[in-house]
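All chains are named by letter (A, B, ...) in the order of the sequence lines, taking the proteins before the strands, and each is independently numbered beginning at 1.
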Protein chains: 2
Amino acid sequence: MSPRREHRLVFLLNVAQRRLQRWIAAQTQRNGVTAAQSGLLFVLGQRDGVLMGEAGAALDLGPPGISGLVDRMTAANLIKRRADPDDGRAWRLWLTPAGRAALAQSKAGLAEINARLTDGFTEAEIDVVARWLASLQGKFPKGEDE
Amino acid sequence: MSPRREHRLVFLLNVAQRRLQRWIAAQTQRNGVTAAQSGLLFVLGQRDGVLMGEAGAALDLGPPGISGLVDRMTAANLIKRRADPDDGRAWRLWLTPAGRAALAQSKAGLAEINARLTDGFTEAEIDVVARWLASLQGKFPKGEDE
DNA sequence: TCGATTTATTTCGCATGCGAACTATCTATC
DNA sequence: GATAGATAGTTCGCATGCGAAATAAATCGA
């Protein structure tokens with residue numbers, strides 16, 4: 001209690017994220033969709049035909065991040081890249097039938113994971129956690145240093 | 001309120017971790033120590049001469065994880081690898097003077113980051129967050145599927 | 001003691017995602 | 001219309017860390 005051990009938060013967050021990713025990877029290995037990929041599937045499930053940049057913003061990924069993700073998912077036939085008719089620089093992303101199927105599976109898997117994530121905590125506590133996680137976005141912005 | 005939006009936790013965690021890592025990378029880029037590397041520095045600050053496997057356990061890293069981390073940090077002259085006198089398979093890790101200096105710097109940087117991480121939350125709330133983060137380790141164990 | 005198993009670490013191939021630099025296209029300004 | 005910027009993506013090199021398989025050393029059993 002005396003010398004606050006809050007410095008652990010950084011490590012706790014790191015480990016927690018890694019644990020979860022590892023778990024998701026192990027679970028989804030069967031259908032071949034990774035955690036990052038399912039993120040993009042969810043985005044397209046909500047807004048099919050989105051621009052790459054928009055998808056990246058939704059996932060908090062920089063240009064190289066989505067570019068690579070889209071490459072791999074296109075190669076895996078989960079999504080399709082089509083030129084934007086109005087902008088020669090831009091590409092729009094669309095789910096393939098396989099991608100749609102993978103999304104449905106991911107949704108089921110995610111439901112189980114969420115049940116686990118919230119297990120043992122009250123709704124009020126989960127709200128605190130969600131608020132804290134979301135607060136990092138404002139505290140550690142993308143572009144600027146302080 | 002009706003259809004619980006808890007499924008966001010997975011994405012929130014992912015984004016939060018990435019944001020923080022990105023921030024730390026930007027901050028520590030100057031002294032050349034990354035977030036993962038500072039983690040190992042902290043471990044060695046507490047238990048210099050630890051086995052690689054022990055360090056990996058402390059950081060929740062598998063064998064390939066520490067192996068690579070140690071490679072890079074050895075190349076950067078932050079730590080030294082010395083054979084264990086009692087076990088021909090094992091290596092013990094030691095801080096170099098440069099590593100010790102980097103650790104001191106990392107501690108200062110971490111203090112600032114922690115101030116930011118806890119900013120806007122009560123101590124009770126931070127306790128909830130810490131407990132939640134730690135709970136993932138039990139919920140998503142390393143080896144077994146259920 | 002010798003072979004089988006366990007344990008510590010490495011290596012490989014992969015996915016992820018960053019910053020920096022580049023290309024191509026679009027938009028505004030003169 | 002030409003040209004200077006802004007914008008959308010790509011590419012490169014890097015760090016991170018996984019699972020699977022390999023290597024080498026220790027230990028256990030018969």
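The interatomic distance linking B/M73 (CE) with D/dG17 (P) rounds to 12 Å, in whole Å. With rounding to whole Å, B/I24 atom CD1 is found 14 Å from D/dT16 atom C1'. Distance CG (B/L59) to P (C/dT9): 14 Å, rounded to an integer number of Å. Rounding to whole angstrom units, CG of residue B/D87 and P of C/dT9 are separated by 8 Å. The CD-C1' distance, from A/Q21 to D/dG19, rounds to 15 Å in whole Å. In this structure, CZ of B/R22 is placed 9 Å from C1' of C/dG17, rounded to the nearest angstrom. Distance, A/L20 CG to C/dT16 P: 15 Å, rounded to whole Å. Following rounding to the nearest Å, A/F140 (CZ) and C/dC18 (C1') show an atom-to-atom distance of 17 Å.
Every pair passing side chain to side chain donor-acceptor pair (under 3.5 Å) that includes a residue from residues 36-55 of chain B is listed here, sequence neighbours excluded: B/D48-B/R100. Annotation: side chain to side chain donor-acceptor pair (under 3.5 Å) contacts involving residues 89-99 of chain B, sequence neighbours excluded, comprise B/D84-B/R92, B/D87-B/R89.
Contact detail for A/S106 and A/L41: the closest heavy-atom pair is OG-CD1, 4.3 Å. Here the shortest heavy-atom pairing between A/A36 and A/L69 reads O-CD2, 3.8 Å. The two residues B/V33 and B/A102 have their closest heavy-atom pair at CG2-CB, 3.6 Å.
Under the 4.0 Å criterion applied to side-chain N and carboxylate O atoms, B/D119 and A/K139 are not assigned as salt-bridge partners.
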- line: A correct 5'-to-3' footprint of nucleotides 9-15 of chain D, with B, S and - meaning base, sugar-phosphate only and no protein heavy atom under 4.0 Å, is SBB---S
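Judged by distance alone, the side chain of B/W132 and the main-chain N or O of A/L117 form a donor-acceptor pair under 3.5 Å.
Between B/R18 and the phosphate of C/dC18, there is a side-chain N or O to OP1/OP2 separation shorter than 4.0 Å.
For the helix from C/dT1-D/dA30 to C/dC30-D/dG1, the rotation axes defined at the first and last 5 base pairs enclose an angle of 0°, given to the nearest 10°.
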Could you list the donor-acceptor pairs under 3.5 angstrom formed between side-chain atoms of residues 73-80 of chain A and any protein atom two or more places apart in sequence or on another chain?
unit_1	atom_1	unit_2	atom_2	d
A/T74	OG1	A/V70	O	2.7

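For A/Q17, the side-chain contact (heavy atoms from CB on, under 4.5 Å) partners two or more places apart in sequence, or in a different chain, are A/Q21, B/L13, B/N14, B/Q17.
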